[in-house]
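Structure first, commentary second.
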Amino acid sequence: AIGRQSNGPESIPRVEALIKKMTDFAQARTRAAPNIAKKLSPAEPNTITYNALLALYARHCHGNNITLRDKAESLIENMECMKEPDKQPDRYSYTSLVIAYGKCEESLDKVMTLLDKLQNRAPKKGKELE
């Protein structure tokens, strides 16, 4: 029962708030002591953290509820703009977005556009998207 409650739609705002607190804390620590902050283990979100939120969005996206789909798209776009390699979207990030598209009754065109984008930026010859 506890696991089900923690993964329900009511958990989305709590997870979003936690990620914001983590980000704010890391930014404040970096501003206060930039040299020390680099040496400490940061309590800031990374790809794994963002993927947990993306999975929640995908899990609870359905029908005409495009708000969660829009949040998933926005989060992916923000991750793609981040310079840190440990915050870049990976295959799990994009899989969650495709699931959100499917559950929110998106057209196949939207999924195909995403797949074309990924194919164009994927490394060539033996290297794969991580």
Check: Could you walk me through whether Asp70 and Thr67 pass the side-chain contact (heavy atoms from CB on, under 4.5 Å) check?
Finding: CA-CA 5 Å; Asp70 291 346; Thr67 303; 5.8 Å; no
[atom1] of [X] to [atom2] of [Y]: how many Å apart, nearest 0.5 Å?
| X | Y | atom1 | atom2 | result |
| --- | --- | --- | --- | --- |
| Leu53 | Ile48 | CG | CD1 | 14.5 Å |
| Asp109 | Tyr101 | CG | OH | 11.5 Å |
| Glu80 | Ser93 | CD | OG | 9.0 Å |
| Leu54 | Leu68 | CG | CG | 11.0 Å |

Note to self: Please identify which of these residues, Leu56, Asp90, Asn46, Leu75, meets the side chain to side chain contact (heavy atoms under 4.5 Å, CB included) condition with Asn51.
What the structure shows: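 Exactly one pass, corresponding to Asp90.
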Margin query: Among Met22, Lys21, Lys20, which residue satisfies the side chain to side chain contact (heavy atoms under 4.5 Å, CB included) criterion with Asp24?
Written below: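 Output: one option passes, namely Lys20.
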Margin query: Keeping Thr47 on the side-chain end and Asp86 on the backbone end, is there a donor-acceptor pair under 3.5 Å?
Written below: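 Yes, Thr47 side chain to Asp86 backbone: donor-acceptor pair under 3.5 Å.
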Indicate yes or no: at least one non-hydrogen side-chain atom of [X] is less than 4.5 angstrom from one of [Y].
| X | Y | answer |
| --- | --- | --- |
| His60 | Glu10 | no |
| Tyr57 | Ser96 | no |
| Gln88 | Met79 | no |
| Thr95 | Val98 | no |
| Leu115 | Met112 | yes |
| Tyr50 | Ile19 | yes |
| Lys103 | Ile99 | yes |
| Gln27 | Glu44 | no |

Next item on the list: For residues Ser11 and Gly8, report the shortest heavy-atom separation together with the two atoms involved.
Entry: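 Smallest heavy-atom distance, with atoms named: OG-O, 2.5 Å.
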Margin query: If you compare all heavy atoms of Cys61 against all heavy atoms of Ala100, which two are closest, and at what distance to 0.1 Å?
Written below: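 Scanning both residues completely, I find the closest heavy atoms to be SG-O, 3.6 Å.
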Tell me whether [Y] is reachable from [X] by hopping between hydrophobic residues (I, L, V, M, F, W, Y) whose side-chain heavy atoms are closer than 4.5 Å.
| X | Y | answer |
| --- | --- | --- |
| Ile12 | Leu97 | yes |
| Ile76 | Met82 | yes |
| Phe25 | Leu18 | no |

